[in-house]
Amino acid sequence: MPDFSTLRISQDESNPRVARLLLNRPERLNAINDAMPREIREAVDWANAEPAVHVIVVEGAGKGFCGGYDLTQFGQGQLDHPCQQERHPWDPMDDYAFMKRNTEDFMSLWRSPKPTIAKVHGHAVAGGSDIALCCDLLVMAEDARIGYMPTRVWGCPTTAMWTYRLGPTRAKQLMFTGDTIDGRTAAQWGLANEAVSAEALDGATMALASRIAGVPRSHLAMHKMVVNQVLLAMGIEQSQQIATLFDGITRHNPEGLWFRRYAQAEGFKAAVQWRDSGRPIPEGDEARERIRELEQRRG
C-alpha cells in the first residue's frame with residue numbers, strides 16, 4: 001500500500017472492491033496542510049490503478065471528517081504564505097496558483113472514473129466541506145455538521161460545489177450566512193444521500209459502497225462521465241476559476257486582513273468566535289483603522 005503523511009488508503013478487508021481513504025490527522029481534526037491535497041490526488045490515482053477496486057470511500061479519523069485548513073499555521077502565525085501574504089501589494093496570481101492546485105487535487109475525487117463516497121461524522125467544514133462535496137455521494141451522521149463558515153469573512157469555497165449540489169437558493173442561504181447544517185437537514189435538502197445515526201454510519205456507507213461495487217467498472221465510469229458532463233456544460237470549471245480568485249481577495253482585502261491581524265493579536269479562536277457570532281465584521285475604512293491599531297499593538 002502507498003505510504004502517506006496525512007492519510008491512509010487500503011482495500012477494505014471484507015470487500016476488496018472498496019478502497020477506504022482515511023484522512024489521518026486526528027490530533028488536528030484532520031485539518032488540511034500543504035501535503036494533504038497532493039496526497040488525496042495520489043491516493044485516488046492509486047485506487048484507480050488498482051484493478052480490484054470499484055469504489056472509494058473517504059472518511060476521517062478521530063472526532064470528525066475534516067475541520068478545514070490548518071489555520072493555526074496560516075491564520076494566527078506570522079508566516080508569509082501564498083494564500084496569506086504579508087507583503088504589499090499582494091500578488092493575486094501567487095495565491096491563485098496555490099489554491100487552484102489544491103482545488104484540482106480535491107477535484108480528483110470528482111474526476112475519478114471510480115465513484116467516490118464521503119462518509120461524514122463530526123464536522124466537514126470550510127475546506128473540509130470542499131473535500132466532502134467533491135465526492136460523488138455523501139452519507140452523513142445525523143448529528144454531523146457541514147458548511148463553510150469563512151464565507152462570513154476570509155474565504156470563498158474554491159470548488160464552488162454548493163450551487164451544483166444544492167441549487168442557487170439553498171447555496172445562497174449558506175454562503176450569505178456561513179451557517180452549518182446537520183446531517184438530517186443535509187439529507188432533507190438533497191445535499192446528502194442519506195443521514196443515519198452515528199452508530200449506523202459505517203454500516204450504511206459500506207452497504208451503499210458494496211451495492212455500487214457489484215457494478216462493472218466500465219459501467220460506473222460511463223455513468224459518472226454522463227452526469228459530470230452536465231456539470232461541465234453548466235460551467236463548473238469557470239465557476240471554480242472565479243471562486244478561487246475571489247477566495248484570494250477575501251483573504252487580502254481590508255476585511256480579510258483585519259481578520260488575520262485580529263487572529264494574530266487575540267488568537268484564532270477569538271477571531272472565529274467574532275466571525276461566527278453574527279457580530280458585525282469591520283469593513284472598509286473601519287477595518288483599515290482597526291488593522292493599524294492591531295499592527296501598532298504588535299509592534
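Basis for what follows: all heavy atoms, side chains included, without hydrogens, waters or symmetry-related copies.
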Sub-4.5 Å side-chain heavy-atom contact between His88 and Leu257: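 Yes. Closest side-chain heavy atoms under 4.5 Å.
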Quick check on the hydrophobic clustering: are [X] and [Y] connected, directly or via other members, by side-chain heavy-atom contacts under 4.5 Å?
| X | Y | result |
| --- | --- | --- |
| Ile131 | Tyr164 | yes |
| Val120 | Tyr69 | yes |
| Ile146 | Trp110 | yes |
| Trp154 | Met99 | yes |
| Phe106 | Val125 | no |

Side-chain ion pair, Lys100 and Glu104, N-O less than 4.0 Å: yes
Short N-O contact, Arg38 and Glu42, less than 4.0 angstrom: no
Ser5 versus Glu39, side-chain donor and acceptor atoms under 3.5 Å: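 Result is yes, a qualifying pair exists.
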Pair Asp247-Thr244, side-chain donor/acceptor within less than 3.5 Å: no
Closest non-hydrogen atom pair, Leu138 against Met140: CG-CG, 3.8 Å
Residue pairs involving residues 46-59 (criterion salt bridge (charged side-chain N to carboxylate O under 4.0 Å, His left out); sequence neighbours excluded):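 Every salt bridge (charged side-chain N to carboxylate O under 4.0 Å, His left out) pair that includes a residue of residues 46-59, provided the two are not neighbours, is Arg20-Glu59, Glu59-Lys119.
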Geometric class of the Trp274/Tyr262 ring pair [parallel <30°, tilted 30-60°, perpendicular >60°]: perpendicular
